[in-house]
K.L.:
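One structure, as structure tokens, below. Some questions next.
Indexing begins at 1, ligand by ligand and atom by atom, following the structure's order.
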Amino acid sequence: MSVGAMSRRTFNKWAGAVAGTTALVGAAGWESRHAATPAAADGLASADRTVWNACIVNCGSRCPLRVQVKSVDGEDRVVRLLPDNTGDDELMTRNIKACVRGRNMRERLYSPDRIKYPMKRKEGTKRGDGEWEQISWDEAATLFAEKLKGVYEKYGPEAVHRMYGSGTWNSHINYKVMWRLLNAAGGQLMYYGNYSFSQLHTANKYHYGEYGESPSNSFEDSIENSKLLVLWGNNPQETRMSGGGALFTSLAASRKEGLKIIVIDPIHSDTAALLADEWIALRPGSDAALVAGIVHVLLENDLHDQKFLDKYCVGFDEKHMPDGVPKNLSYRSYIEGKGADGVEKTPEWAAEITGVPADTIRELALELGNTSPVNITQGWGLQRQANGEANCRAVYTLAAVLGQIGIPGGGNGGRDGYFWPLSESLPDLADDNTTEAQISCFGWLDAIQFGSTMTETQDGIRGVEKLSTDLKFLVAMGSNVLQSQHADVQQVREILKDESKLEFLVYIDNQFTRSAEMADLVLPDCTQFERWDLVPSEYTGDMTYLLMCEPAVEPLYESMSGYDMCALIADKLGIKDKYTEGRSLQEWTEHLYELSRESIPDLPSFEEFRKQGVHRYYSPDGLTVSMKDFRKDPKANKLETPSGLIEIFSKDLYEMDKTWTFRNKRKGDRIAALPEFIDTWEGPLEASAGGKYPIQLIGHHFKGRTHSTYANLPHSKALHPQVLWINSSDAAERGIKHGDMVEVFNDRGRVHIPARVTPRIRPGVASLPQGAWFNFEEKKGIDTGGAVNTLSSLHPAPLAKGGAQHTSLAQIKKVED
Ligand SMILES: Nc1nc2c(c(=O)[nH]1)N[C@H]1C(S)=C(S)[C@@H](COP(=O)(O)OP(=O)(O)OC[C@H]3O[C@@H](n4cnc5c(=O)[nH]c(N)nc54)[C@H](O)[C@@H]3O)O[C@H]1N2
Ligand SMILES: Nc1nc2c(c(=O)[nH]1)N[C@H]1C(S)=C(S)[C@@H](COP(=O)(O)OP(=O)(O)OC[C@H]3O[C@@H](n4cnc5c(=O)[nH]c(N)nc54)[C@H](O)[C@@H]3O)O[C@H]1N2
Ligand code: SF4
Ligand SMILES: [Mo]
């Protein structure tokens, strides 16, 4: 099912409108609609002062904001937000325009959901009952310190964990304050990976030799050098929305004459709509099958790059296998049907699994094989699947088969490349940590339930062979994972209620989220508009930058910066000097800034930077061409794999598959040495077999929110209401019309939400964009907030042990009034 190209001119007209003016109109409209409120009543002309601050949420971008402050009735108020006024419309000096979410930050600052003072769970109530007692900061810090000390004494540092939370990930200070405190206090159980790309993060180690991302060439390089750009489950128009980021660069790529863009995604995403010449709508979780079908055609037509595969890879064919493995385990054998399953991976075979017609697969393969250079970039949707490890490695493998790795205009199949910031963040005192133990970022719930039974070869524990204790003291800071962003929120709620397991739960945020409801102690952090920090850019391609973050107003209510609250707790623990090193938050900001000046060219003095707000800088190596040194000389620049080469077949994984076991094993739980298609639990084959739950439900990252952040704000909700994306044919089959209230359900939960009936998603797939706040009506057992994690599964991916939250089967029916 491929959709023919719209003319580039038609969608470029649209692209201009969306990239630039929608955000402006949204924000300006918001201001004028609020002309009557005291905050905006002074009109556009006056403000007492303007300071540089930023939107720091984890959206994969980062935007400067000029915050205008005026004294209203004797109190400083933020009366207006203005976007970046530096840079221009050129690719490498682009203006870093904030999107409509960031421009609505004032509503977040003054939200009635702000946590106003420290609170503890009321004596005599149970966790989750929702009854609170206001306490002083002194009492709160003492309580934190005493409980922490008690847990250290009874269970040791492996019982203490600061869980994953990305709310302030891109601040240089706030993000680190809690790691630093817990390391200084006695240590903590750490995590590896992240909710963003867990499967890719770990699979990468075995394929390219390092835990992490291994990004591809940048879009800027593609604009300069590529003939074809493939966005494989990659939606930068929605997931990189800053004017400084890939929204801009991918749009610029679409305007480049002679550069064709293909989008491979179950959804006709904003990227497909705005940039693509062709959209290929495959079934979620079927990517490795699509790659296999393509490679079959490439081999048939001798369009594979045998020289590249011979020199740079292990495991493509039988001649290039590691020692000591049986015959017919190479990727070529898998494609040709000589492997264990005996099935040839023809386009017809792939069509059955992917839902993409065999002829489309042939055309795509021939186009890929006959074009060079090609940059295949993958987003992270396809690895957030059951056995997503194999899916992402399959796309890497395609880049290798085409011989595109390490050359200008080509790419290695990872996400679009970037130059990573050089600025300095608060030291987290990791060397003081007294334990090496690590769980997967997704593994905290398991650690609460049965931590002391968790091992390396069953649960992916790293650093030690097994954990010594269950998890007892949990801190969630800048994290709405507990009751929004983890899977199966209702089951999580039940597990957290068991106070005999988790003994103490601290929640630190500036909004009273659903997760806050589950805490024993709730602490009000202030927002970035009320504190000092430094903000690096993120994923902004080949233009990187540093932003100033200066307080615009005093912390509201009794909120306090994360740094100051940790210093207070450190004092109660008797480690204040070690924690602060005698510096205030502002002094740390200046100190880290001075350190950053040592590596970033032309960074002005701190005082000058306060006026300037934004500093752009660039890689001395020019545009990002990933793995170019390896391509030039693979012997001198060996990868950190056992062979030093790209491992299409990994002997390490092959051995691990023999020894690893799986908790509550489900279909497809195995460690694949090859990037092959694996028929998994709730995967595309189970869906197309048409059982009780025939719809593949995903939750794509959505322009209205950054995960759950901004999701509680009335204007954000009005502009981007939560709806279920459902294909017109699936809707018709169920008698569902556009706007009807529908029930989305499976054995894990039920959601009531209006339907968006649309051809912009392939039949058999539905999407409930992730991040909406859970609104569970306990009596009816229904979530009316539309949180996709009401329905997603806790079952982790087999190797990385990360969340597979895009793998979920459901059924949909109309709600009768
Ligand atoms: N507006 C906005 N931007 C964001 C975020 C946000 O919440 N809102 N979150 C930020 C964060 S932290 C992250 S990690 C990134 C996430 O970035 P991604 O993980 O790349 O985002 P997703 O929307 O999950 O997936 C990207 C695309 O992959 C598609 N997809 C899903 N499953 C499959 C599959 O099996 N195969 C293929 N080929 N495609 C598939 C989806 O339909 C989607 O269009 O986004 C960042 N940017
Ligand atoms: N089903 C499904 N689930 C997913 C995903 C998916 O694709 N599908 N994506 C996953 C991904 S990629 C990610 S990264 C995670 C994200 O999950 P989280 O990291 O939990 O991200 P948010 O939901 O944005 O929550 C961030 C919290 O930080 C708070 N915060 C913001 N600013 C501050 C501050 O200054 N101080 C403090 N203390 N708190 C602050 C916000 O109010 C918010 O409550 O979700 C994951 N969950
Ligand atoms: S949400 Fe992201 S793109 Fe939007 S203003 Fe904030 S940092 Fe910029
Ligand atoms: Mo993420």
K.L.:
Does Q383 come within less than 4.0 Å of ligand 1, judged by its heavy atoms?
P.N.:
no

K.L.:
Check the angle between the aromatic planes of H700 and F702 and answer parallel, tilted or perpendicular using the 30° and 60° thresholds.
P.N.:
perpendicular

K.L.:
Tell me whether ligand 1 is touched by P266 - counting only heavy atoms on the residue side and a distance under 4.0 Å.
P.N.:
yes

K.L.:
Would you call the rings of Y195 and Y164 parallel, tilted or perpendicular if under 30° counts as parallel and over 60° as perpendicular?
P.N.:
parallel

K.L.:
Is a side-chain donor-acceptor pair under 3.5 Å present for N204 with Y396?
P.N.:
yes

K.L.:
Looking at ligand 2, does any of its N/O atoms fall within less than 3.5 Å of an N/O of Q805?
P.N.:
yes

K.L.:
Could you check atom 18 (P) of ligand 2 against the protein and tell me its nearest heavy-atom contact, residue, atom and distance included?
P.N.:
S166 OG, 3.7 Å

K.L.:
Do ligand 1 and R283 have nitrogen or oxygen atoms that lie under 3.5 Å from each other?
P.N.:
no

K.L.:
Is there a donor in the side chain of T544 and an acceptor in the side chain of S537, or the other way round, less than 3.5 Å apart?
P.N.:
yes

K.L.:
Give a yes/no verdict on whether any heavy atom in R415 is under 4.0 Å from an atom of ligand 1.
P.N.:
yes

K.L.:
State whether C55 contributes an N/O/S atom found under 2.8 Å from atom 4 (Fe) of ligand 3.
P.N.:
no

K.L.:
Counting heavy atoms only, which part of R62 comes closer than 4.0 Å to ligand 3: side chain, backbone, both or neither?
P.N.:
backbone

K.L.:
Check contact between R101 and ligand 1, using heavy atoms of the residue and a distance below 4.0 angstrom.
P.N.:
yes

K.L.:
Any chance the side chains of Q483 and Y507 put a donor and an acceptor closer than 3.5 Å?
P.N.:
no

K.L.:
Under 3.5 Å, N or O to N or O, is Q485 touching ligand 2 that way?
P.N.:
yes

K.L.:
With heavy atoms under 4.0 Å as the rule, classify the contact between V57 and ligand 3 as side chain, backbone, both or neither.
P.N.:
side chain

K.L.:
Would you say D113 and N712 are linked by a side-chain donor-acceptor pair, where the criterion is simply a distance under 3.5 Å?
P.N.:
yes

